[in-house]
2 protein chains.
Amino acid sequence: MRSGRLPQSVEWAIHVCLVLAQLAEDELLPAPRLAQLFDLPAAYLAKVMQDLAAAGVVRSVPGRRGGYRLHTAPQDVSVGRIVRATGLADALFVCTEIRQRGPCAADPDQCRTPCAVAALMRRAEAAYLDVLDRVSLADLTMPGGRASADGWLTTNVHLFKENP
Amino acid sequence: MRSGRLPQSVEWAIHVCLVLAQLAEDELLPAPRLAQLFDLPAAYLAKVMQDLAAAGVVRSVPGRRGGYRLHTAPQDVSVGRIVRATGLADALFVCTEIRQRGPCAADPDQCRTPCAVAALMRRAEAAYLDVLDRVSLADLTMPGGRASADGWLTTNVHLFKENP
DNA sequence: GTATCAGTACTCGGATAAATTATGTCCGAGTGGTAAAGG
DNA sequence: CCTTTACCACTCGGACATAATTTATCCGAGTACTGATAC
């Protein structure tokens, strides 16, 4: 009880995607390198990248010089999509039709439409994802956006790409 | 990975509060009875009720004829408050300042303000809770609101109160 | 008949286990560069 | 010198443990009703 928070991998996924957004069209960055950049457990980040790849957010290229890159342009990748891929499989609130349980169970025929509670929850969740869907990776990396820190992203990612 | 959903106790808490909203001013309903109404594990629901009591949403009355009732009028109890009490202790998204980790860690002085990711997430969460805060228990029990099912609530709760 | 009082049945509250989920780790399949060997 | 070829380093992908959180359960503290008892 009393946590109900998104998995931390969501944070990792977003920041990783922001880094990938800094890459040139034909550049790639392998998962171990991304983990090194943020000092994250490499093996687990690989699993997160898998989910992002499965969701079509990033494109994986296997092989010796393989790695990850965004599947589409940064302005076409919304944060909502990343959150859905890594932390919100189905929904925040799942209605278990509690009204159909117990001695006073409601008639199933009356339950064709979702109950008011479920409807409200869906509306709230829609508002949540709406905010996230309206913001793309490009929006976050805009100057003054403070994606990670002032100019930190653009500057350091390029430095990091070269130096091992 | 891939769940990130609210605890199911949130659903229980909301529906239980809706039942309590049907009670008269001086009426009480004990936790075991509430559990019986929805066919829920009584001992666990008791724990949920504890959280609701600690949050000031419901008022607990101990003793032989004790039980629970809403602490304030139904129109003054927002669904958001219930969700916060039972499923959202701190926040959906918690920023771990990933930008300050790794070889290219940002200067802590530059991190006085939250990063763009955290700021966006907070905005989305605010939108989420805003929807939930604008709806009270009274709104959900309004005729045509289909809180649980058409007229189910008002009708059956009173029947249930009498019959053991 | 009335007041007192002990007993009891029922309540909430917190401390304690089991199950599910998130986190972390590992090894196998596949790709492409690399360098050696042959023409 | 160029082509072929086998090898190896490095990649992603999925199967396997560990840690944390949710779910579930139990027993103790307290209150008010119940009935008996004394007056």
Side-chain angles (χ1 to χ4, degrees), chain A residues 1-13 16 20 27-36 38-55 57-69 71 83 85-90 92-94 96 98 164, chain B residues 1-13 16 20 26-36 38-55 57-69 71 85-90 92-94 96 98 164:
Chain A
M1 189 112 62
R2 243 149 191 288
S3 152
R5 67 178 187 275
L6 266 56
Q8 197 167 20
S9 40
V10 171
E11 185 184 12
W12 303 357
V16 161
L20 293 179
E27 274 181 317
L28 292 172
L29 226 50
R33 201 132 177 76
L34 288 166
Q36 182 187 1
F38 289 120
D39 189 25
L40 298 176
Y44 186 36
L45 182 64
K47 199 163 174 46
V48 176
M49 297 310 294
Q50 247 176 270
D51 287 351
L52 285 173
V57 175
V58 300
R59 183 75 175 166
S60 72
V61 176
R64 179 87 169 71
R65 290 242 163 165
Y68 289 100
R69 46 160 270 196
H71 187 62
V83 171
T86 57
L88 278 181
D90 33 18
L92 268 169
F93 179 88
V94 287
T96 55
I98 199 177
Chain B
M1 188 111 60
R2 242 148 192 292
S3 153
R5 68 179 187 274
L6 265 56
Q8 196 166 20
S9 40
V10 171
E11 185 184 12
W12 303 357
V16 161
L20 293 180
D26 55 350
E27 274 180 316
L28 292 173
L29 226 50
R33 200 131 178 78
L34 288 166
Q36 181 186 3
F38 289 119
D39 189 26
L40 297 175
Y44 185 37
L45 181 65
K47 197 161 178 43
V48 176
M49 297 310 293
Q50 247 177 272
D51 288 349
L52 284 172
V57 175
V58 301
R59 184 77 176 165
S60 71
V61 175
R64 178 88 170 73
R65 290 240 162 166
Y68 289 99
R69 47 160 270 197
H71 187 61
T86 57
L88 278 181
D90 33 18
L92 268 167
F93 178 87
V94 286
T96 56
I98 198 178

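Order of the sequence lines fixes the chain letters, A, B, ..., with proteins taken first and strands second; residue numbering starts at 1 for each chain. Since the structure is predicted, the reported quantities are computational estimates derived from the model, not experimental observations.
- Atom CG of D51(A) and atom C1' of dG14(D) are 11 Å apart (whole Å).
- Atoms CG (L40(B)) and C1' (dA24(D)) sit 12 Å apart, rounded to a whole Å.
- When each of L20(B), L28(B), L29(B) is paired with R69(B), the side-chain contact (heavy atoms from CB on, under 4.5 Å) condition holds for L28(B) and for no other.
- Looking at heavy-atom distances under 4.0 Å, A46(A) makes no contact with the nucleic acid at all.
- Out of dT25(C), dC12(D), dA9(D), the shortest distance to the side chain of Y44(A) is found at dT25(C).
- Comparing atom distances between the Q8(B) side chain and each of dT23(D), dG13(D), dC12(C) picks out dT23(D) as nearest.
- Listed nucleotides dG13(C), dC26(D), dG33(C) differ in distance to Y68(B); the shortest reach to its side chain belongs to dG13(C).
- Spacing between atom CG of L20(B) and atom P of dC12(C) amounts to 11 Å, rounded to whole angstrom units.
- Regarding contacts with the backbone of dG13(C), a side-chain N or O of S60(B) is found under 4.0 angstrom from either OP1 or OP2.
- Atom CD in E11(A) sits roughly 15 Å away from atom C1' in dT23(C) (whole-Å rounding).
- Residues F93(A) and E11(B) have side chains in contact (heavy-atom distance under 4.5 Å, counting atoms from C-beta outward).
- In this structure, L45(A) places its CG atom 11 Å from P of dG24(C), rounding to the nearest Å.
- Nearest-nucleotide assignment on DNA chain C puts the 5′-proximal partner with W12(A), out of W12(A) and P62(A).
- If you measure from atom NZ of K47(A) to atom C1' of dG28(C), you get 15 Å, rounded to the nearest angstrom.
- Nearest nucleotide to the side chain of P32(A), out of dC12(D), dT23(D), dG24(C): dC12(D).
- Rounding to the nearest 0.5 Å gives a distance of 8.0 Å between CG of D51(A) and OG of S9(A).
- Straight-line distance from the CD atom of Q50(A) to the C1' atom of dG13(D): 5 Å, rounded to whole Å.
- In this structure, L28(A) places its CG atom 15 Å from P of dT31(C), rounding to the nearest Å.
- Closest non-hydrogen pair, W12(B) versus I98(A), comes out as CD1-CD1, 3.7 Å.
- Nearest heavy-atom pair across P30(A) and G66(A) is CB-O, 4.2 Å.
- Proximity of S9(A) to the phosphate of dT23(C): a side-chain N or O atom is located under 4.0 Å from OP1 or OP2.
- Judged by closest nucleotide on DNA chain D, M49(A) is the one of R5(A) and M49(A) placed further toward the 5' end.
- Of the candidates dC26(D), dC12(D), dT11(C), dC12(D) carries the atom nearest the A31(A) side chain, counting heavy atoms from C-beta on.
- When the nucleotides dC26(D), dT23(C), dG13(C) are ranked by their closest atom to the side chain of P7(A), dT23(C) comes out on top.
- The residue among R64(A) and P41(B) whose nearest nucleotide of DNA chain D is located toward the 5' end is R64(A).
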